[in-house]
Amino acid sequence: MPFDLPAVEALAPDQSSLTAASRLNKPAKWSGLTHEDDLWWGEAQGSGANPYRTVVDGDNVGYKCSCPSRKFPCKHALALMWIQATAPESFTEGTRPDWVNDWTGRRRTTRTTAAPAEDKSIARAADPPEPAPADPQAQAKAAATAARRAATTRAMIADGLDELDRWIVDQTRTGLAAFCDHAPDRCRKIAARLVDARAASLASRLDEMPSRLLALPTEERPDLAVRELGQVVLLTKAWRADPTDPQAARDVGTAEQRDQVLAHPDAPRSTGFWEVVGEQIRTRRDNLVSHATWLMALDPQAAQRFAVLLDFYPATAGRRDQVFTPGAQIEATVAFYPSAGPVRAVVVERGDPPTQTFGWPPVRADDAYDPLSQCADAWAGVPWQLEHPLTLPAGRVVEAAGGRLWWRADVGGAGLPLSGDHDGSGALLGLALEQAVGLWDGFRLALLAAQTPFGRVDLA
Amino acid sequence: MTGPTPLDETYPVLRDCWIAGGQAAQVAPAAWQPLLEADADECERRLLALAGQSLEVGLRPDLGPHTVRPVLPLLALPGVPAHVRPTVRRVLKAETAPGGGGSARRTLDLLARRGFTVNPLDWFPSASADLPEVYRPWQEWVADSAPTGPTAGHHPAGTPDDWDHLSGPGRRQLLRRLRDTDRAAARQLLDQHFAGEAAPARLALLEVVAATDLDDADTAFLRSLAGDRSAKVKHLALRLLARAGQVDASADDVAELCAFLTVGRKKVLQVSAPRTKTAAQSRRRDALFETVPLAALATGLEISADDLVTAWSTSRSEHAATQALVTMVVETGTTAQAEILAANLLGHDQPDLARLLRPRMGSDAVRAGLGTVLGQGLAEVHAWCHDDAPEVDLDPGAVLDSAAFAQLCAQESATTAEVHAASTLALLCPPDVAAQAVPRLRAAGVSPQYLDMFVLSAALGPLSEGAR
């Protein structure tokens, strides 16, 4: 049974939900609006890097959304029902995808009871919010407060970085051998001090350093310590030189909100076809899950070859629904966070799935080919960047001394050691990698995906 | 790390100083000194930044000596379409789940029947697994990589001349193919190579022979195994000779076994093995079932072998005795007798025992058995088919209106065993029937895990032709 407006009104938990839904009540705010019988679904771009997936069941009333809202139904579900009630032609008929199937398979088919319709109304949802009375004095006061708060934050961060400077020298003075042995404890302490100093991103980076350190064999750990401590020095110097530099401010303090990125005049945008080449889901020591989705531009002439969408959520929230499936090709406009070496991005708009499959852009390879030459811009612009996405020409995974796996180019023979996540007991050592994509962290290459005679394969 | 720049020499000096603890500015090269005009702590930080950046930008990993494996060969059948791979992965994960007792085999059989193979990154074989023949090149590739692999650098085509280069599964597949297509070549192969194999390999090859119909020409070979060094090989050879009617049972043994059985001739013929008085008697009876051929037992009871298996009463017999009779028929009965006994057992809700007879049954009888168990329930279907679910030309109604499908629609939980049973039902379905089952199961709200094998079967049907 399709929804009607009185039903939407009745299901809304409160007036503010209806008001919020009214802002999403436009098909243009959605992508992939589809229905199968009385099951309606679509994707709405929210404040996270990835769009929210929403599905509503008109037959046996129910709804599900991947947004973190505690309201039930959330504004996305309400908006989807609203569009269905007022503009059902916005939905194309289609077959339900796996994530919808998953929900319909798990849900109980019990009737949802609507909350009383008192104190909420569709009619009032479209009302503009009560305009705040203009008060120049109050505005000036607010601006002054914000400026004072920013100055205080900068001063606190500067103090925190001074302490970090001393801490770094202490590590070299007392020996990196000891640092490698006690890194979890030492890094946790300085990270806590940086959190107090409002340098949250830098704190998190230092808190995660031991896990990167321990992933390497003992003999390579001092090298990684030198590289990472050196990068932290460069980052702190960049911040001191210009605390308003977006990349430095982001990597020391906190990242901008999505709306700030979209409104930023220096945030480059790129529209075209992208392939989801892989994702990395890591649980950090602070119990946040970092979910990175790597996109590769399929246009050979694209100015920005890679974009990474980052989402963070509490580990206690469990694994989120996948919005982007590795291997999927999408048409999208992405906006990059302002940077001298832009990689992090948000999806501004996502088009319908492409009707054809695009090949990967070709990779040049000759005897002098150096795969790490792709990092040159990042090394110059953001020399503290931890990971660099690479496209790799035809090559193989080979077994070197000690059973360690390496990627080796067919032409020229350049080689990069692989991260410990790769297993040589299966077919990997026999695959002819016609092209590959990976992440280079300065010591190890984590392969994300490759084109092979057996088709495209995920290697992450 | 190596490289053509002086960093090769500079960086290790700085690093070694920091590892031990100390001020690296004192050992920094003279060319760097202009950058180090600051207080001691700032000098160390600058050196760290320089060294870290140098390490990343200026030095390159040195691969050194390494081994390159041969390229994994393409198989004779294409891989499944990319959009089906996630379903294949889910199905294989469920089929091989710990504690489920399943294997990848029946999924691989399904793919091969529909003209596809699995992607090597989704599943990869071991050298010794018993798999559809299409995967032999991959198994040979795996065998190549074993330290003792006999076939290094050689990619055998799977002909009798390649025997020495084939792995165990490859040899069994070759023998199986020759038994089906060229019995003389198969016998020649056994004459040449059987004696030179180790005991487990000899037994495995003889089991290949046992899985096919025996003919008169096999008798000489089987007789030659009477003196085999392996007791298991010798025992199996004797059972096969018995099946071929070439073994004379001891008259005393036949008489003793007959004494354990009761033949009722009122109204209808009924044969049963009543409960024995002692466990020792029971053990003796079961031992006699192992040595006396079916034909000899029937003669001793003064009835035909067909009548014996038709008239066997499962309700009046001890379960162990019925089980022993099933083994006897598998090893010494004819195809017709195996089919009669299977129908008898299925009619009396004994699909577990009936399944043991399936290797000896023809496809029509297997299909008839399916009709029976579909009407009984999901567990009975799973017991009848288990790990060897054949796809048969079933009508949609035979599945979708069956008691087994109705049970599946009513499932609430999704344990490993229940998912395996659902997958068994899916494997029996032709693609069009699987496609019709999917929306019904979704409408019933069953767990998605129950759907995966149906979805896979439907996806690999005629609709996927364009993707090939």
Side-chain angles (χ1 to χ4, degrees), chain A residues 96 98 101-102 104-109 165-166 168-169 172-178 222-223 225-231 233-234 237 325 327 370 372 375-376 379 383 396 398-401 406 408 413-417 426-432 442-443 452-459, chain B residues 1 11 14-24 40-42 44-57 60-74 79 81-82 85-87 119-124 138 141 145 441-442 445-451 455:
Chain A
R96 59 183 85 177
D98 285 347
N101 269 331
D102 191 40
T104 54
R106 276 188 283 120
R107 70 179 291 239
R108 293 181 180 185
T109 52
D165 276 352
R166 291 191 292 276
I168 288 172
V169 174
T172 57
R173 187 178 293 129
T174 54
L176 291 183
D223 290 328
V226 170
R227 178 199 184 234
E228 294 235 356
L229 294 176
Q231 285 186 324
V233 170
L234 289 171
K237 287 186 179 301
T325 308
D370 173 14
L372 298 185
C375 306
W379 286 334
R396 294 288 305 278
V398 301
E399 196 168 359
W406 286 58
R408 193 205 65 175
L416 296 173
L428 188 60
L429 285 165
L431 289 180
F443 289 84
T452 75
F454 299 96
R456 180 200 181 284
V457 292
D458 291 312
L459 299 171
Chain B
M1 299 264 181
Y11 172 70
L14 298 173
R15 180 195 56 195
D16 290 347
C17 178
W18 283 322
I19 286 175
Q23 293 196 322
D41 285 359
E42 177 61 14
E44 291 305 304
R45 285 191 291 272
R46 289 182 185 182
L47 270 178
L48 261 179
L50 276 170
Q53 182 82 340
S54 304
L55 187 61
E56 181 152 287
V57 177
R60 291 291 178 271
D62 180 20
L63 173 55
H66 59 276
T67 310
V68 186
R69 293 289 320 278
V71 171
L72 190 66
L74 289 170
R85 282 183 55 200
T87 311
N119 188 287
L121 266 291
D122 295 337
W123 175 88
F124 200 62
W138 285 0
W141 185 90
S145 67
L441 290 167
R442 279 183 181 147
V446 301
S447 164
Q449 290 171 278
Y450 287 129
L451 283 165
V455 170

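Numbers restart at 1 for each chain; the letters A, B, ... are given by sequence-line order, proteins then strands.
- Per-residue heavy-atom pair counts under 4.5 Å with chain B were compared for A:A225, A:A400, A:A427, and the maximum is reached by A:A427.
- Taking every heavy atom of both residues into account, B:L74 and A:F454 meet most closely at CD2-CE2, 3.7 Å.
- The candidate from B:G79, B:A49, B:A40, B:A24 with the greatest count of non-hydrogen atom pairs under 4.5 Å with chain A is B:A49.
- Salt-bridge check for A:D223 with B:R15: passed, with a basic side-chain N closer than 4.0 Å to an acidic carboxylate O.
- Chain A forms more heavy-atom pairs under 4.5 Å with one residue of B:R85, B:Q23, B:E44 than with any other, namely B:R85.
- Within the 4.5 angstrom heavy-atom criterion, only side-chain atoms of B:R442, from C-beta onward, approach chain A.
- Taking 4.5 Å as the limit, some side-chain heavy atom of A:V457 sits within range of a side-chain heavy atom of B:N119.
- In this structure, A:G426 and B:F124 approach most closely via the heavy-atom pair C-CD2, 3.8 Å.
- Residue contact with chain A, scored on non-hydrogen atoms closer than 4.5 Å, involves the backbone and the side chain of B:P120 alike.
- Every residue two or more places apart in sequence or in another chain that forms a ring pair (Phe, Tyr, Trp, His ring centres under 6.0 Å) with B:W123 is listed here: B:Y135.
- Annotation: side chain of B:V71 is in contact with side chain of A:R396 (closest heavy-atom distance under 4.5 Å).
- Residue contact with chain A, scored on non-hydrogen atoms closer than 4.5 Å, involves the side chain of B:Q53 exclusively.
- Neither the backbone nor the side chain of B:A82 comes within contact range of chain A; no heavy atoms are under 4.5 Å apart.
- When the candidates B:R45, B:R46, B:R69 are compared by the number of heavy-atom contacts under 4.5 Å with chain A, B:R45 comes out ahead.
- For B:Q449, no part lies under 4.5 angstrom from a heavy atom of chain A.
- When every heavy atom of A:V226 is checked against every heavy atom of B:A51, the shortest pair comes out as CG1-CB, 3.9 Å.
- In this structure, A:V398 and B:L63 have side chains that are in contact, with non-hydrogen atoms separated by less than 4.5 Å.
- Across all their heavy atoms, B:W141 and A:G430 have their closest contact at CZ2-CA, 3.3 Å.
- Looking only at side-chain heavy atoms (C-beta outward), A:L459 and B:L121 come within less than 4.5 Å of each other.
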